[in-house]
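Step one of this worksheet: look at the structure below.
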2 protein chains.
Amino acid sequence: MAYRETEKMRKRKAEARQRIIDCTYECVTEGGFRSARITRIAGLAEVATGTIYRHFESREDLFAEVFRLATEKEITKVTEALNTPGNAAERLEAALRQFSERALRGPVMAWSLLAEPVDPKVEEERLAYRKAYADLFEKTIRHGIEEGCIPEQNARQSSTCLVGAIAESLVGPLSPTHTNQTTNKNDPLVDAIIRFCMQGLTGTRR
Amino acid sequence: MAYRETEKMRKRKAEARQRIIDCTYECVTEGGFRSARITRIAGLAEVATGTIYRHFESREDLFAEVFRLATEKEITKVTEALNTPGNAAERLEAALRQFSERALRGPVMAWSLLAEPVDPKVEEERLAYRKAYADLFEKTIRHGIEEGCIPEQNARQSSTCLVGAIAESLVGPLSPTHTNQTTNKNDPLVDAIIRFCMQGLTGTRR
DNA sequence: ATAAACAGTGAATCATCATTCACTTTTTGT
DNA sequence: ACAAAAAGTGAATGATGATTCACTGTTTAT
């Protein structure tokens, strides 16, 4: 036996893998998945194209992983917002706001995650991602129903509607064709989305 | 001058063009845009592949046209539902029901129109299509506000949310992975979607 | 009948990039 | 120093179908 993977090597490989992921992330942030070329990613990461295939089965797999990671970051943020103090309705509102504002702040990535046409494996990740949001919302709606601040309803269905309403409202402004003006912090768009959603949920105007 | 396009020829060309469109429609109905091959379409339409390019600039253009036509059909149906008797809120509800039920009845095409990843030109059509729905809904919401059956609100924003909520709710059940059981006429899914949407709109539980 | 103008054809071409793999370089234990 | 085992390389390959275009067939007006 002459070669055996050592800690040093494991670390170096992990670093290369991470660099590839980071550079892919960067490319996607610039122009979405479709325009992210393997050669470009390899160039940025300072590895050969072949090396990318030592770390990922295929372009699609690499993209699926990057999608998943980007998604996890977003979900974490929304989860944090859901854990702020307040009743379920208030926390849900904070979460919707967090979601929307983050999307408007990183519009290309948000568009890629929400609406860019992608290959099947990545699309699968997207379905999972949307489901994850719906799950979070659903749980909180159930809490709200127990607490009494949200009326009895089909929590799963309502959470799906929430995800759809927000996504649709953002896709227009996020779309690459739509020239993006500066996003002011307290966007009235976000308020209007939230008003509709909370009303759909609670049946209460404010 | 020896040849000049005559009525007979114009008609024959129009027929071929129509046949190409019909066969593309058929292919999309079976498996969506991605799997619709030019050779297959040409075969069905009984023309050579080259002939397709006498009628359409490119595959993308052909698809965009088919998308537009399929869309127009749907929009017509929803418009009809919006023109039934009743107040604005009731008519809107009828429209949402029409939209959902038609989608569940023709799931592959509905999925292609709503969510299948498509090329940019077709995606553009999709944005137009969604905007067309939003426009219809918006107009009716405005009527409702005048009539007094819908409270004051940002009609444009609400209509966008409606489109998103419905689309998202349907994408799951329509998705090709989701095994489609028989769609019973009075689907509880449709009722739940409509409940959320109408509540978001009117702030009224029923 | 003729020829100009166009429509129809489909095998061959082409474009695009992801992916491969034969080779080089590096690492490791003896 | 040596050789086994990996890791790294990037030019060449390959797969996929859309698209082209040189040619054939049709239509029309004279």
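Naming convention: chains lettered A, B, ... in sequence-line order (proteins, then strands); numbering from 1 in each chain.
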Going by heavy atoms closer than 4.0 Å, what residues in residues 26-53 of chain A are next to DNA chain C?
-> A:Arg37, A:Ile38, A:Thr49, A:Tyr53
Report the distance from atom CZ of A:Arg19 to atom OG1 of A:Thr24, rounding to the nearest 0.5 Å.
->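 Separation between the atoms: 11.5 Å.
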To the nearest 0.5 Å, what is the distance between OG (A:Ser112) and CD (A:Glu30)?
-> 11.5 Å
Using a cut-off of 6.0 Å, state whether more than 12 heavy atoms not belonging to A:Glu46 lie near its atom CD.
-> no
Check whether any side-chain nitrogen or oxygen of B:Lys13 sits under 4.0 Å from OP1 or OP2 of C:dG8, and answer yes or no.
->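 Answer no for this pair, as no side-chain N or O of B:Lys13 is under 4.0 Å from OP1 or OP2.
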Phosphate OP1/OP2 of D:dT27: any B:Arg12 side-chain N/O under 4.0 Å | yes
Axis deviation across the helix from C:dA1-D:dT30 to C:dT30-D:dA1, five-pair ends, to the nearest 10° =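 The end-segment axes of the helix from C:dA1-D:dT30 to C:dT30-D:dA1 are tilted 10° relative to each other.
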Any side-chain donor paired with an acceptor under 3.5 Å for A:Thr160 and B:Glu168?
-> no
Donor-acceptor side-chain pairing of A:Gln157 and B:Ser169 below 3.5 angstrom = yes
Run the ring-ring contact (aromatic ring centres under 6.0 Å, His included) check on A:Phe67 and A:Phe63 step by step: do they pass?
-> CA-CA 6 Å; A:Phe67 192 103; A:Phe63 284 2; over 10 Å; no
Looking at C:dG8, does its base get a donor-acceptor pair with the side chain of B:Arg54 below 3.5 Å?
-> yes
Residue whose nearest DNA chain D nucleotide is more 5′ - B:Glu5 or A:Met9 | A:Met9
Using a heavy-atom distance cut-off of less than 4.0 Å, which residues of residues 57-69 of chain B contact DNA chain D?
->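 Result for residues 57-69 of chain B: B:Ser58, B:Arg59, sorted by number.
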